[in-house]
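A short worksheet on the structure shown next.
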Amino acid sequence: MMHTSGFATRAIHSGYDPESEQGALCPPLHLTSTFTAPTADEMGARFAGEVDGHFYSRISNPTLDLLERRMSALEGTEAALATASGMGAITATLWSLLKPGDEILVDRTLYGCTFAFLRHGLSRFGIKVRTVDMTNSDRLIESVNDSTKVVYFETPANPNMRLVDIASVSKLAHVHGAKVIVDNTYATPFLTRPVSLGADLVIHSATKYLGGHGDLVAGIVAGRTELIEQIRLYGLKDMTGAVMSPFTAMLVLRGLKTLDLRMQRHCSNAAAVAAFLKQQDQIADVYYPGLQDFPQHMLAKRQMDDFGGMIAFEMTGGLQAGKKLIDSLQMIHCAVSLGDAETLIQHPASMTHSTYEPEERVEHGIPDGLIRLSVGLETISDILDDLDRALRMV
Ligand code: 4LM
């Protein structure tokens, strides 16, 4: 029933029946590390996977179970896995799917710590990491081959907003038997469902829009049951131990109830901010998929239901002007992270993407002067007034 309901309905109801919990409207919080069984044979059978049933909260827990079912209902996947952070989701997934000698092909622009994990994690253990500009289909066709086991990208990419065509990359990767993993943190399932477009796995930093209130750190992986169980039993249980706490799961479940409403406001506020920035003489370039002249605007219309809450821009006065702008804002705070109720501004080259060497940032499309804005849920006139006043001081 629930898989055919609307997005907001699934985000509020799916996977939970109050009657199963004495009529409690809100699901209970299962703060327990371990679980009892009536007999040794029953417990042994749970460990062997012969019967359903929880036995230890590093593997499964009823509160996490509900979040996992709800996320799979939103992403349209068979299953999902909750993790301690977005990085926990990324590392548990990639450690599970790759072994020495395998190759992972990644897009040119990735979140700074994802890039650092590929360099300091996977590469050091004999996994070959290759980078390609996935917006260029000729380059992509040349780069995928039968040693490619995983194709990995973000769309829109953090921080420069480049989009990758999920359907066409998936089609190409599958010809070579590679698995496609999409980091859907920026778009959320409200805007894009990568698995419906052909991807195998979806990753989220649930710290961002899914939680939505800047009060937690969390991650999600969603996809086919067989892959999710592999990641749960190897990447999560044995390799990273990056398990989400039940309390965090409860907060993410609470955040999800308003994801639909919040995303609508994030999108309309961001569209207004992008239009405003576009008109300012001090701003040289604005990167927002909803702008008519955004190079991949047509792809954005095909692949996204709206254009999201994230904007990147460069000022005519370069980095110094960007820093002056950040320092002159009053309501808008300088902070990393994104997708919160508060509008946040930051400088990727010295903050979220400082894990790249300066010359690497040029290669990976992260200019020093780029400024990133996570447009929040405040009254739009207050966001515009703050930007307008600060721009006059630059
Ligand atoms: C930031 N981002 O950009 P945890 N994937 C994407 C991300 O943006 C992030 C993660 C994964 C930022 C954090 C400081 C596209 C994080 C990693 O932070 O481990 O939940 O997610 O500002």
Side-chain angles (χ1 to χ4, degrees), residues 67 71 81-95 106-118 120-121 134 152-164 166 181-189 191-192 194 199 201-222 235-236 240-245 248-249 251-252 255 266 287 289 304 308-312 326 332-340 342-356 361 364-366 370-376:
L67 172 61
M71 277 310 300
L81 178 68
T83 58
S85 63
M87 286 312 297
I90 293 166
T91 53
T93 300
L94 295 178
W95 284 134
V106 301
D107 185 38
R108 185 172 162 227
T109 307
L110 295 172
Y111 165 58
C113 294
T114 305
F115 176 78
F117 168 62
L118 299 172
H120 304 303
M134 292 191 190
Y152 186 101
F153 57 90
E154 300 171 3
T155 180
N158 183 357
N160 55 20
M161 304 303 296
R162 291 162 74 257
L163 304 185
V164 176
I166 300 170
I181 305 179
V182 180
D183 185 327
N184 200 29
T185 298
Y186 263 43
T188 82
L191 300 178
T192 305
L201 287 167
V202 183
I203 284 190
H204 284 282
S205 168
T207 314
K208 313 296 175 349
Y209 292 105
L210 304 184
H213 295 76
D215 52 8
L216 59 89
V217 174
I220 294 286
V221 193
L236 182 65
T240 63
V243 68
M244 183 188 285
S245 91
T248 302
L251 289 176
V252 179
H266 280 298
Y287 308 101
M304 304 174 75
M310 298 300 296
I311 299 175
I326 294 176
I332 299 172
H333 297 297
C334 173
V336 300
S337 203
L338 56 108
D340 295 333
E342 294 82 359
T343 298
L344 302 177
I345 196 163
Q346 67 112 5
H347 173 232
S350 66
M351 300 172 197
T352 51
H353 293 69
S354 54
T355 47
Y356 290 78
R361 285 198 292 273
H364 291 262
I366 305 159
L370 196 75
I371 303 292
R372 188 186 81 180
L373 196 58
S374 169
V375 181

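In this chain, residues are counted from 1 in sequence order. Each ligand, and each atom within it, is numbered from 1 in the order the structure gives. Keep in mind it's a predicted model, so treat the numbers as computed, not measured.
Rounding to the nearest 0.5 Å gives a distance of 3.5 Å between OG1 of T114 and CD1 of I90. Of the inter-residue distances, the one linking N160 atom CG with L163 atom CG reads 9.5 Å to the nearest 0.5 angstrom.
With sequence neighbours excluded, the residues satisfying side-chain hydrogen bond (donor to acceptor under 3.5 Å, both in side chains) with Y287 are E314.
At distances below 3.5 Å, not a single donor-acceptor pair connects side-chain atoms of H347 with backbone N or O atoms of C334. Looking at T83, its side chain does come within 3.5 Å of a backbone N or O of S85 through a donor-acceptor pair.
A heavy-atom cutoff of 4.0 Å around ligand 1 is satisfied by the protein residues S85, G86, M87, I90, Y111, E154, N158, D183, T185, S205, T207, K208, A218, V336, S337, L338, T352, R372.
A 4.5 Å side-chain heavy-atom check between L370 and R361 finds every atom pair outside the cut-off.
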